[in-house]
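Following: one structure in structure tokens, then a few remarks.
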Amino acid sequence: MCGIVGYVGKKPAQDILLSGLKRLEYRGYDSAGIATLDSEGEAKLARSVGKISELSKVLDEAPQDGNLGIGHTRWATHGGVTETNAHPHHVGRIYLVHNGIIENFKELREELKGYKFASDTDTEVLAALIDSNYKDGTSLKDAVAKSLKRVRGTYGIAVFSPSEPGAIIVARLGSPLIIGLGKDETLIASDASALLGYTREAIYLNDGELAVCTRDGADVFSLDLKHLSVKPETIEGDVEQIQKGGYDHFLLKEIMDQATTLHDTLSGRIKPDAGKMHLGGPNLTEEEMRNIHHVVIVGCGTAYYAGLLASYYMEQLVPDLTTEVVVASEYRYRSFHLPKDSVALIVSQSGETADTLACLREIKKRGVKTLGIVNVVGSTIAREVDGGTYVHVGPEISVASTKAFTAQVITMLMFAGMLAEYHGGDPKLLAEFTRELAILPEEIKKTLDTYRPEMEKLAKKYAKFDHALYLGRDTAYPIALEGALKLKEISYIHAEGYASGELKHGPIALVDDRFFEVFTILDNWLFDKACGGLHEVRARGGKTIVLTNSKADIEADDIVRIDSPIKLLTPLLLNTLQQLFAYYVAVDRGNDVDQPRNLAKSVTVE
Ligand code: F6R
């Protein structure tokens, strides 16, 4: 969702800005633009609706010189998808790009009487506000700081003015901003992936901070203009991780890569011989571990479903634990109460999701310890939690979340494994989970390699349907929800996930020839009950696909049976089949798999 890049150095800014914007494409956007400043002090602006390739065409016609510039990918919030609403915005002596939302922009616009506004955006109002404060004798830095004090809402911004060539001012409140420090050059990005390959040294700006970036580095200030001393941090990852590596789409790469990435998630955290798990990040004393009797898990979308599956495992492993899994957008506004013996797990791939972040802050206000289950290193959630664990799956570029889901589940499982030791958990069960975790990456690889052709064939067969129901019981229930989400977001087939025990309470009325039903059936003590729903659907002529690890006789239109020594973690294996299925359906339907319509990778606004 919206991306910012900036460059000041010795190289041509246009190319670096364009390649930075391309790296941020995965976040989702509907228009893009850049503004540059040439050596004569002349600023140029180019914007276009649609993909970066459209912007490139505009720049091919009218290339922009200069070694300083800012760029933006916009995901429309205020105002439609038009070139005039795209960023950068130019007002008076100011060029500005902005992520976030200025809540009081209408009130500010009323005050800025002397300005004529070309767009419907809150950003143009902010540009005008800065311009109005940028009077003779005032520096751009001071004008920006003064303006931001008037703003209610969230922002990550980058601003320059031809009146002060050589400097870009950046600031953040609730929307990430990272400054990459290179040799004779400084880069700016809202997402570290745009900096990979340029530099490893970066300053992650905190909320309420502003920085003056020149090619010699960056000076950081508070909004009260106190100079702050800031230690640069190291950016993780490399350029290969943000390339497709021979696959047609990032989504397929990320699904297939899971075997490797899960190794990183598990590395140093499990001891299969001793039957133990250990995470360093939670940073809890033995006494604190003993005192936890309630875990609330917070997330959105796939992260929420990961939490739901993890909660089943937690309850199995930790006998005296109560778990609660909540959707962040709801929880943040509820009058919730948490017992003193609670800990909150804040689950987010991006670490920037606005609703999840808001919950984190609400929970902290109640004095409850928060632990992050986050992928993006240095992200806002990772920085604000009391402790936590990175899931370490590397950049997830495709909008639909796949490898992060699996890693989130197993990271929470490892947390449960640690808790189990302090809460009288069954050591045999703990050892069994640990053993399965140790072989999970290899088993996922086997599953993906073996069944990929079959899932592709199956996808072709079902791609023409308009509707799907995904059904599962017990630990297959969260997988049904996740399977339906994956299918709908990339194939645009209407899909719903249900607990299969709920069929008779409503959804079975839908079964007709426009629908197909996907049953995830586990070879466990609920097998017969799980098959019950399948029989009911088949009796009504429903088209059924079964994903299972059972060897028993099952009747369905299509059955995919996996064969693996994994038992408890079977839902994770079967989920990778659902991921492949959704991928191939989307490809068959000719969709933009990595950037599905209307979706953004990291939802930084409400
Ligand atoms: C689904 C998907 C979304 C995200 C959700 C939370 O494939 O990508 O549902 O899971 O927006 O995002 P994070 O994990 O970044 O907080």
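Ligands are counted one by one from 1 in listed order, and the atoms in each one are counted from 1 as well.
Partner of E396 under the salt bridge (Lys or Arg N to Asp or Glu O under 4.0 Å) criterion, chosen from K403, K601, K253: K601.
A donor-acceptor contact closer than 3.5 angstrom links the side chains of S19 and Y198.
Applying the 6.0 Å contact sphere to NZ of K488 captures more than 12 heavy atoms from other residues, nucleotides or ligands. Enclosure of atom NZ in K445 is not indicated, since only 12 or fewer non-hydrogen atoms of other residues, nucleotides or ligands lie within 6.0 angstrom. For E454, the CD atom sits in a packed shell: over 12 heavy atoms of surrounding residues, nucleotides or ligands are nearer than 6.0 Å.
Distances shorter than 4.0 angstrom occur between a heavy atom of K486 and an atom of ligand 1. For the pair V376 and ligand 1, no heavy-atom separation below 4.0 Å is found.
Atoms of ligand 1 lying under 4.0 Å from at least one heavy atom of G301, given by number and element, are 9 (O). The distance from ligand 1 to the heavy atoms of E489 drops below 4.0 Å at these ligand atoms: 1 (C), 2 (C), 7 (O). Heavy-atom contacts of Q349 reach the following atoms of ligand 1: 13 (P), 14 (O), 15 (O), 16 (O) (cutoff under 4.0 Å). Which parts of ligand 1 touch S350 is read off a 4.0 Å heavy-atom cut-off, strictly below it: atoms 13 (P), 15 (O), 16 (O). Those atoms of ligand 1 with a heavy atom of A303 less than 4.0 angstrom away are 10 (O), 14 (O).
In this structure, atom 5 (C) of ligand 1 lies nearest to the protein heavy atom C300 O, 3.5 Å. Atom 12 (O) of ligand 1 has as its closest protein heavy atom T353 OG1, 3.5 Å. The protein heavy atom nearest to atom 11 (O) of ligand 1 is V603 CG2, 4.2 Å.
Here atom 8 (O) of ligand 1 lies nearest to V399 when heavy atoms of T302, V391, V399 are compared.
Polar contact check, S401 against ligand 1: a nitrogen or oxygen pair lies under 3.5 Å apart. Taking only nitrogen or oxygen atoms, main chain and side chain alike, S348 reaches within less than 3.5 Å of ligand 1.
Under the 3.5 Å distance criterion, the side-chain polar atoms of K369 are left unmatched by any main-chain donor or acceptor of L284. Checking side-chain atoms of E254 against main-chain N and O of I397 turns up a donor-acceptor pair under 3.5 Å.
Judged by the 6.0 Å distance and 45° axis criteria, R589 is not positioned over the aromatic ring of Y492.
The aromatic ring centroids of Y305 and F405 lie 6.0 Å or more from each other.
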